[in-house]
Amino acid sequence: MALKRKKKTTVAPGSAKRKLITYTDPKSPISEQYRTIRTNILFSSVDESLRSILVTSTSPGEGKSTTIANLAVVFANQGKKVLLVDADMRKPTMHYTFGLQNTFGLTNILTKQTTLDATAVQSDIENLSILTSGPIPPNPAELLGSVSMKEFLEHSLEKYDFVLFDTPPVLAVTDAQVLANQCEGTILVVNSGKTEIEGVQKAKDLLQSVKAKLLGVVLNNRTMKDSSYYYYYGKE
């Protein structure tokens, strides 16, 4: 029998809510930058399908989870059905950002305990559904590289226009590499003034070694002179 969870959710209060600036302050300069990133993603692959997108970083604390959560919001704002998946099974955060329980999630689906339909939660943001990570498993990389994961991705793309994955930092564990091989596009988030160039190059090499399609880099927390923008998207 499939496990079930409540469908209702609210956006989390406090600092978690502030991370969703595209929802709380859609007219801000930073929200506009997220929309620019969305546009660049869509135009980066005009002649090919680009519906499954993975976001990772070189190391922890660079803003990948905040970035993908806000990208999910601006994609949903276009009227597209979006599924945001917390595939960071080692340090999940999406349930905090969206004020959800993390009792059941991706790990339960991959281990055949429940289904996508029974587990994904419609957020307060129109067209945006959230799938939390679920219980932390002992073998995240193996689950992400399993046949169940391929089946999950195929099924989710039948139901949603875009499926976005938050994954662990690429230099820390192999999870992002394993999943990037299955997604149609990968975005690398780096923190200005914190991430070393050598680390970015190594992360790029690791992703390209598994034939990931690296769409570009989001340079996070960089203050541009004579501008209020703090986010930059550049091709690798």
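Just the heavy atoms: all of them, side chains too, but no hydrogens, waters or symmetry mates, feed the values below. This one's a predicted model, so the numbers in the text were calculated from it and none came from an experiment.
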Kindly work out whether a path of hydrophobic side-chain contacts (I/L/V/M/F/W/Y, heavy atoms less than 4.5 Å apart) joins [X] to [Y].
X      : Y      : value
Leu42  : Leu84  : yes
Ile136 : Met94  : no
Leu50  : Ile68  : yes
Leu83  : Leu157 : yes

So do the side chains of [X] and [Y] get within less than 4.5 Å of each other, counting heavy atoms only?
X      : Y      : value
Glu184 : Lys213 : no
Lys112 : Glu151 : yes
Leu116 : Glu158 : no
Arg90  : Asp175 : yes
Leu128 : Phe98  : yes
Asp124 : Tyr23  : yes
Asp117 : Lys159 : yes
Leu71  : Ile41  : yes

Using modelled atom types and a 3.5 Å cut-off, is there a donor and acceptor pairing between side-chain atoms of [X] and backbone atoms of [Y]?
X      : Y      : answer
Asp86  : Thr93  : yes
Glu126 : Asn77  : no
Asp25  : Ile21  : no
Asn70  : Thr67  : no
Thr132 : Phe104 : yes

For a quick test of your reading: what N or O donor-acceptor pairs under 3.5 Å do the side chains of residues 139-147 make, sequence neighbours left out?
from   : atom 1 : to     : atom 2 : distance (Å)
Ser146 : OG     : Leu143 : O      : 2.6
Ser146 : OG     : Ser148 : N      : 3.4
Ser146 : OG     : Met149 : N      : 3.2

Query - Residues Ser133 and Asn102: side-chain donor-acceptor under 3.5 angstrom - result: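 Side-chain D/A pair, Ser133 to Asn102: present.
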Query raised in the report: When you check the side-chain N and O atoms of Asn181 and Gln177, is any donor under 3.5 Å from an acceptor?
Result: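 There is no such pair between these side chains.
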Check [X] against [Y] and note the closest heavy-atom contact, atom names and distance.
X      : Y      : result
Gly134 : Asn108 : CA-OD1, 4.0 Å
Leu153 : Ser52  : CD1-CB, 4.1 Å
Asn127 : Ala76  : ND2-O, 3.3 Å

Distance from [X] atom [atom1] to [Y] atom [atom2], nearest 0.5 Å?
X      : Y      : atom1 : atom2 : answer
Thr24  : Lys19  : OG1   : NZ    : 13.0 Å
Thr119 : Ile109 : OG1   : CD1   : 4.5 Å
Leu214 : Thr186 : CG    : OG1   : 6.5 Å
Thr58  : Asn191 : OG1   : CG    : 8.5 Å
Gln33  : Arg38  : CD    : CZ    : 12.5 Å
Ser209 : Leu206 : OG    : CG    : 5.5 Å

Query raised in the report: Picking from Val200, Leu215, Leu54, Val218, what satisfies side chain to side chain contact (heavy atoms under 4.5 Å, CB included) with Leu188?
Result: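 Running side chain to side chain contact (heavy atoms under 4.5 Å, CB included) over Val200, Leu215, Leu54, Val218 with Leu188 returns exactly one hit, Val200.
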**Report entry** By side-chain contact (heavy atoms from CB on, under 4.5 Å) - contacts of Lys81 (at least two apart)
**Finding:**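 In terms of side-chain contact (heavy atoms from CB on, under 4.5 Å), with neighbours along the sequence ignored, Lys81 is linked to Tyr160, Asp161.
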May I have the list of side-chain donor-acceptor pairs in residues 162-171 shorter than 3.5 Å, sequence neighbours left out?
from   : atom 1 : to    : atom 2 : distance (Å)
Asp166 : OD1    : Lys64 : NZ     : 3.0
Asp166 : OD2    : Ser65 : OG     : 2.7
Thr167 : OG1    : Val55 : O      : 3.2

Query - Worked verdict on His155 versus Thr115 for side-chain contact (heavy atoms from CB on, under 4.5 Å) - result: CA-CA 10 Å; His155 180 53; Thr115 64; over 6 Å; no
